[in-house]
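A short worksheet on the structure shown next.
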Amino acid sequence: MIHLKELDYRTLADWLDKQGQPAFRQKQIYEWIYGKFATSYDEMKNLPKILREELSTEFLPFSLEVVSRQEDDDKTVKWLSQLRDGNTIETVLIRAPKRNTVCISTQVGCKVHCVFCATGKQGFKRNLTPAEIVDQVVLASKEIGELVTNVVVMGMGEPLHNFKNLVEALNQITSPDGLGLGARHVTISTSGIPKGIRLLADQGKPWNLAVSIHAANDELRAKIIPPPHRAKLDDIKEAINHYRERTGRMTTLEYVLVDNLNASNEHAQQLADLAHDCHAKVNLIPCNSDNPMFAPPPPDKCEKFLGSLEKRAVQATLRMRKGKGIQAACGQLKQQVAKKDE
Ligand code: SAH
Ligand code: SF4
């Protein structure tokens, strides 16, 4: 069934006309799906019942069926949603006093297979459609009764491996005719695909870019991201610089800290040099894994790593993990539910 959000304006206008409906119905429908985050036709009370019935036989109003919802003490909410084909994806809402950030998925699984990532282990199933991506923002906005303030594309999947649908979805999320979120409030996190980063830059939108770098030399990085999806650091650097030149945005380098792997003082020094080379800031993320091979360094060591970057004049943060109690890291909820089912 065609998704309502994937219909272009003209097609819906013509369809409504064919049903003998006045043109203003279209505005009402968009107001429901983008302004009031409606997920069913039943909610669209100002549409005639007959029209709601006709719409429901032709177009899908929402693509996600929530199969589990977990809320943590810090109010982080994590959903596992089933798609029409039975696959499941995760979405996380992270709340702060003035900020509601939704972390969305772009693929079922992922092809990249970073060693510490639960999503990578699940293998790759398929790309999400634009509507499946947009609907995660709708789900989170509906939860809080208003549009989220920020969207981070940091859930399951490598967004730049699903480039076309990602861009279509982001355009719908940021268009005044769609959800209308400011483009500067969107961040796309990638494992570092130079061609994709360049293409993204060429969209000319001030979306923020985050690159999961994890290591500042190719040899070490090879231990974290296996071939064939790992690019050379020099190529990634060039792509990041291109991104900045085209969009004016400063990139964030994400660095998952793993004890006895990439967390030494020397690694911090190399990372500082890399950050300077691409005028980037750094976000340190202590690894969150139950595999002892990928344990996070103790807190004082993480702080020391941070201090070492700051000493070299790199703008850096150490991410406090929200939603720890509900396993709010890449792909972990899905794994948990799968375990329960076994
Ligand atoms: N595929 C994209 C976006 C999704 S992953 C990417 O890799 O950037 C979002 C972030 O979570 C990435 O920086 C990724 O490295 C990180 N991540 C994955 N597994 C993790 C884990 N077990 N602990 C901490 N961070 C993890
Ligand atoms: Fe894929 Fe990102 Fe997980 Fe790596 S960290 S396997 S790129 S989702």
Side-chain angles (χ1 to χ4, degrees), residues 72-76 78 92 94-97 99 101 103 112 114-121 150 152 154-155 187 189-192 208-225 230 233 236-237 240 250-333 335:
D72 207 359
D73 293 342
D74 63 10
K75 291 220 174 326
T76 297
K78 185 156 186 163
V92 181
I94 304 140
R95 297 206 222 178
R99 238 173 202 263
T101 304
C103 174
V112 183
C114 304
V115 285
F116 41 63
C117 177
T119 300
K121 288 205 180 53
N150 295 76
V152 295
M154 290 188 185
T187 301
S189 173
T190 172
S191 58
N208 300 295
L209 177 70
V211 178
S212 297
I213 217 80
H214 311 321
N217 71 72
D218 284 311
E219 206 188 334
L220 177 58
R221 206 162 182 266
K223 293 184 183 158
I224 297 168
I225 308 184
R230 185 190 62 251
L233 278 169
I236 296 177
K237 238 190 292 188
I240 290 176
M250 193 179 188
T251 294
T252 301
L253 301 178
E254 291 171 282
Y255 197 98
V256 171
L257 282 167
V258 181
D259 206 16
N260 303 319
L261 183 68
N262 65 352
S264 74
N265 195 37
E266 197 192 339
H267 294 137
Q269 201 171 327
Q270 289 174 3
L271 178 60
D273 291 344
L274 178 68
H276 284 304
D277 281 355
C278 35
H279 306 274
K281 44 192 174 184
V282 171
N283 186 16
L284 301 172
I285 314 162
C287 193
N288 182 4
S289 165
D290 47 20
N291 183 339
M293 292 259 293
F294 308 115
D300 61 324
K301 209 165 157 189
C302 294
E303 292 288 350
K304 207 171 146 217
F305 197 96
L306 174 71
S308 173
L309 293 176
E310 285 171 338
K311 207 169 70 196
R312 293 177 173 87
V314 174
Q315 197 184 324
T317 48
L318 178 60
R319 188 196 286 182
M320 299 286 293
R321 188 159 284 285
K322 284 224 165 203
K324 205 169 174 176
I326 55 167
Q327 300 280 301
C330 208
Q332 292 192 358
L333 178 73
Q335 226 184 26

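With hydrogens and angles ignored, the 3.5 Å screen pairs a side-chain donor or acceptor of N262 with a backbone N or O of V256. Judged by distance alone, the side chain of R312 and the main-chain N or O of D273 form no donor-acceptor pair under 3.5 Å. Side-chain N or O atoms of K121 include one that pairs as donor or acceptor with a backbone N or O of V115 at under 3.5 Å.
Remark: S264 engages E266, H267 in a side chain to side chain contact (heavy atoms under 4.5 Å, CB included) (not counting sequence neighbours).
Residues L274 and V282 are not in side-chain contact: their nearest non-hydrogen atoms beyond the backbone lie 4.5 Å or more apart. When side chains are defined from C-beta on, C287 does not count as touching D259, because their heavy atoms never get closer than 4.5 Å. In this structure, the side chains of I213 and R221 come closer than 4.5 Å at one or more pairs of heavy atoms. Using a 4.5 Å heavy-atom threshold, the side chains of L220 and L261 count as touching. Side-chain contact between T101 and T187 is absent, with no heavy atoms from C-beta onward closer than 4.5 Å.
Smallest separation of non-hydrogen atoms from A280 and V314: O-CG1, 4.4 Å. What you find for A272 and L309 is that their closest heavy atoms are N-CD2, 3.9 Å. For the pair R319 and M154, the tightest heavy-atom approach, listed with the atom from each and the gap, is NH2-SD, 3.8 Å. Residues E254 and S189 approach most closely at OE1-OG, 2.6 Å, considering heavy atoms.
Using modelled atom types, one finds a donor on one side chain and an acceptor on the other under 3.5 Å when comparing T76 with D74. Looking at T252 and N283, their side chains never bring a donor and an acceptor atom within 3.5 Å of each other.
Atom NZ of K304 is surrounded by 12 or fewer heavy atoms from other residues, nucleotides or ligands within 6.0 Å. Heavy atoms of other residues, nucleotides or ligands lying less than 6.0 angstrom from CG of D300 number more than 12.
Going from atom SG of C114 over to atom CD1 of I224 covers 8.5 Å, rounded to the nearest 0.5 Å. A distance of 5.0 Å separates CG in L253 from SG in C278, rounded to the nearest 0.5 Å. If you take NE2 on H214 and NZ on K223, they are separated by 15.5 Å, rounding to the nearest 0.5 Å. In this structure, I236 CD1 and D277 CG are separated by 13.0 Å, a value rounded to the nearest 0.5 Å. Note: N265 CG to F305 CZ = 8.5 Å, rounded to the nearest 0.5 Å. From I285, atom CD1 reaches atom SG of C302 across 11.5 Å, with rounding to the nearest 0.5 Å.
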N150 and I94: CA distance, side-chain angles, deciding distance, side chain to side chain contact (heavy atoms under 4.5 Å, CB included) verdict: CA-CA 10 Å; N150 295 76; I94 304 140; over 6 Å; no
